[in-house]
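What follows is a set of notes on a single structure, which appears directly below.
Model, not experiment: these values are computed from the prediction. Naming convention: chains lettered A, B, ... in sequence-line order (proteins, then strands); numbering from 1 in each chain. Quick note: numbers below take in every heavy atom, side chains included, and nothing from hydrogens, waters or symmetry partners.
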Amino acid sequence: MVEHHIQIYDTMTRRKRRFKPLNPPTVTMYVCGPTVYGDPHIGNLRTFTLGDLIRRWLEHRGYLVKYVMNITDIEDKTIRDSGNAGKTLKEFTDYYTGVFFRGLDLLSVKRATAHPRATVYVPQMIEFIQTLMEMGVAYNAEDGVYFDIDKFPRYGELSGVDIGKVERTERVASDEYDKEDAQDFSLWKKATPEEIERGIYFESPWGRGRPGWHIECSVMSKELLGDTVDIHAGGEDLAFPHHENEVAQSETVTGKKFVRFWLHMRHLMIDGGKMSKSLGNYVSFDDILDKHTPDALRYLYIATHYRRPLNFTWGNMENAQNTLNRLENTLDLIENTMKGPDDNMDYGEREKKLLETVRAEKRGFVEDMDDDFDAPDALGHLHAINGAVNEYLTEPANKGVLREAADIYGELLGVLGLFEKRSAGGDEATERLIAMITDLREEQRKEKNYAFADLIRDRLAEAGVEIQDTADGTTWKLKS
RNA sequence: GCCGGGUUGGCUGAGCGGUUUAGGCGGCCGCCUGCAGAGCGGCUCUACGGGGGUUCGAAUCCCUCGCCCGGCUCCA
């Protein structure tokens, strides 16, 4: 493993702490996943993209990351909306799980080691609840089983919420549930007649019903990653009550520390405010895909630190796309140069300067990422490398030196998850065909038949082949 | 109301007591090019939410006010 000094800001202690996994080189990481009842929106996707960034960085540092992200496939909204859609719960959630994964794939978010679905772990959840009952910290009420938070003295520690002072908000006051204390949370919900009719229930010692939401993460985390996990992450809104509840029930059952580092991602905003359907400022993932590449969105996501709110505007989106294009153009320049002639096989001042710059900037990049995954700062170093390479390429390149610089550049882009799906070109037949066409066009250019040459260029563009004339000849690439 | 986070140029985003003060995007002007694209060079923008204070010196420390965001029962 690489020597490092990774610092992570932990919500529980409210400061950055040196990161050391419990059982190196393994790192256990759990991220609260989506409830699959609709299209994921760009706020959700940011959280998961940032989780992916963190996971990639830990892997880059030599850790074996065991990464779990749950899929909540049984809960009020999935039941309600599947009913409205006239579908079974499973049909409905399977569909939206697919939509979710499609989004992750487009954004180059790597699949987790496991994506457990809540409905698959119900027996373990029942067992977990039973333990809580036996310990006397949970009670069976009219409409469900609840956790008695008075039995967990440290309740509120994670979120800083003093439950004695929580104002009795309208929502709490109008609570229709049958709990002893408004703050108690549900472990098991008893089925309604409609749910029974639709067959949406599980048998349990407390009758037919389904697990509460909080129990899911506690149980699946325990089953797949053990009693204590190194990192547990999620959107900032989950700190209270969701994560607070998880701590209470998990630590009660195991008697061990549940999570060593709590990470919370700030929310995405739109035009400086909250994104909501009712305000009419809702932007969907597909809206973005109409105008931009998924990588541009990924760049936008990571260009703002995960603990700072990201303000989405279309201007920012274009900004990100332009910046990303610049980074990609350098990849094209490198590839074209590598295919070109060997005009420089010496190691001079230019070569020395390039390698020194690239190596130094890489160190800066690594330091920044080690410091609580500070990607925005790290990007500054990436751009410095980008600039150094571009400048170097204005004159004949030493391919060996260029290769080393390019490898570092590519390595860092890879850590950020950028350009993973770059089209490398076509198959051999396509390659030769295009070479033939550009050769013929080159003849026309020599004859100064520019109108014809331009027509060829236009027609190729229509076919999705973008060509560029450079001093070393014509290059091309497939444009999606 | 309570708790927590934030407030930097056209945008994004560094800086965390004092060297040109980032970097990227945008804009402008050159170079290159038959044109286009990309790239290079130069320039522009020179800001720090308002008001006090501490200090030889503050975007950086303190006070105060404003504004924004999040949480306060199941929303990433």
> Where the side chain of A:F240 is concerned, which of B:G37, B:C40, B:G71 is the nearest nucleotide?
Replying inline: B:G71
> Which listed nucleotide (B:C40, B:G70, B:C72) is nearest to the side chain of A:E236?
Replying inline: B:G70
> Within the distance-only criterion (no hydrogens, no angle test), does the side chain of A:R46 pair as donor or acceptor with the backbone N or O of A:R298 below 3.5 angstrom?
Replying inline: no
> Taking the side chain from A:D372 and the backbone from A:Y9, do they hold a donor-acceptor pair closer than 3.5 Å?
Replying inline: yes
Remember a base hit wins even if backbone is also touched, and classify [X] as base, sugar-phosphate or nothing at under 4.0 Å, heavy atoms.
X      : value
A:M269 : sugar-phosphate
A:A303 : sugar-phosphate
A:G43  : base
A:D237 : base
A:T304 : sugar-phosphate
A:H305 : nothing
A:E75  : sugar-phosphate

> How about A:R441: does its CZ atom have over 12 heavy atoms from other parts shown lying under 6.0 Å from it?
Replying inline: yes
> How does each nucleotide of nucleotides 23-34 of chain B score, in 5' to 3' order, for protein heavy atoms under 4.0 Å: base (B), sugar-phosphate only (S), or none (-)?
Replying inline: SBBS-------B
Tell me: [atom1] of [X] to [atom2] of [N], nearest whole Å?
X      : N     : atom1 : atom2 : value
A:D377 : B:C16 : CG    : C1'   : 12 Å
A:K477 : B:G39 : NZ    : C1'   : 13 Å
A:Y392 : B:C40 : OH    : P     : 15 Å
A:D81  : B:C75 : CG    : C1'   : 14 Å
A:L158 : B:G71 : CG    : P     : 15 Å
A:N449 : B:C35 : CG    : P     : 17 Å
A:L268 : B:U12 : CG    : P     : 13 Å
A:E244 : B:G70 : CD    : P     : 20 Å

> So among A:H243, A:H232, A:H242, which one has a ring pair (Phe, Tyr, Trp, His ring centres under 6.0 Å) with A:H264?
Replying inline: A:H243
Nearest-Å distance once atom [atom1] is located in both [N] and [M]:
N     : M     : atom1 : answer
B:C11 : B:C74 : C1'   : 37 Å
B:A36 : B:C29 : P     : 14 Å
B:G27 : B:G18 : C1'   : 33 Å
B:G37 : B:G26 : P     : 13 Å
B:U60 : B:C16 : P     : 12 Å
B:C25 : B:G51 : P     : 34 Å
B:G41 : B:G52 : P     : 44 Å
B:A59 : B:C48 : C1'   : 5 Å

>> Looking at every non-hydrogen atom in both residues, tell me the closest pair between A:Y299 and A:L418 and how far apart they are.
In response: CD1-CD2, 4.1 Å
Does either side chain, that of [X] or that of [Y], offer a donor lying less than 3.5 Å from an acceptor on the other one?
X      : Y      : result
A:D370 : A:W57  : yes
A:T35  : A:E75  : no
A:T474 : A:Q468 : no

Taking the side chain as C-beta and beyond, is there a heavy-atom pair between [X] and [Y] under 4.5 Å?
X      : Y      : result
A:L331 : A:F419 : yes
A:Q7   : A:R17  : no
A:I215 : A:Q249 : yes

> Which residue lies toward the 5' end of RNA chain B, A:E391 or A:L310, if each is placed at its nearest nucleotide?
Replying inline: A:L310
>> Would you say A:N390 places a side-chain N or O within less than 4.0 Å of OP1 or OP2 belonging to B:C40?
In response: yes
> Does the side chain of A:T470 get closer than 4.0 angstrom to OP1 or OP2 of B:G37 through an N or O atom?
Replying inline: no
>> Measuring centre to centre across the rings, with the benzene-like ring taken for any Trp, is A:Y301 within less than 6.0 Å of A:Y306?
In response: no
> Below 6.0 angstrom between ring centroids: does that apply to A:H214 and A:F185?
Replying inline: yes
> Using centres under 5.5 Å plus planes under 30 degrees as the test, is A:H267 stacked with B:A76?
Replying inline: yes
Under 3.5 Å, which protein N or O atoms sit close to an N or O of nucleotides 5-9 of chain B? Give each pair with its distance.
| residue | atom | partner | partner atom | Å |
| --- | --- | --- | --- | --- |
| B:G5 | O2' | A:R266 | NH1 | 3.0 |
| B:G6 | O3' | A:R308 | NH2 | 3.0 |
| B:U7 | OP1 | A:R308 | NH2 | 2.6 |

> How would RNA chain B look in dot-bracket form, 5' to 3', counting Watson-Crick and G-U wobble pairs with both distances under 3.5 Å and writing | for bases paired to another strand?
Replying inline: (((((((..(((.....[....)))((((((.......))))))....(((((..]....))))))))))))....
>> Under the criterion side chain to side chain contact (heavy atoms under 4.5 Å, CB included), I'd like the reasoning laid out for A:F92 against A:Y37: C-alpha separation, chi angles, the key distance, then a yes or no.
In response: CA-CA 7 Å; A:F92 184 82; A:Y37 71 101; 3.9 Å; yes
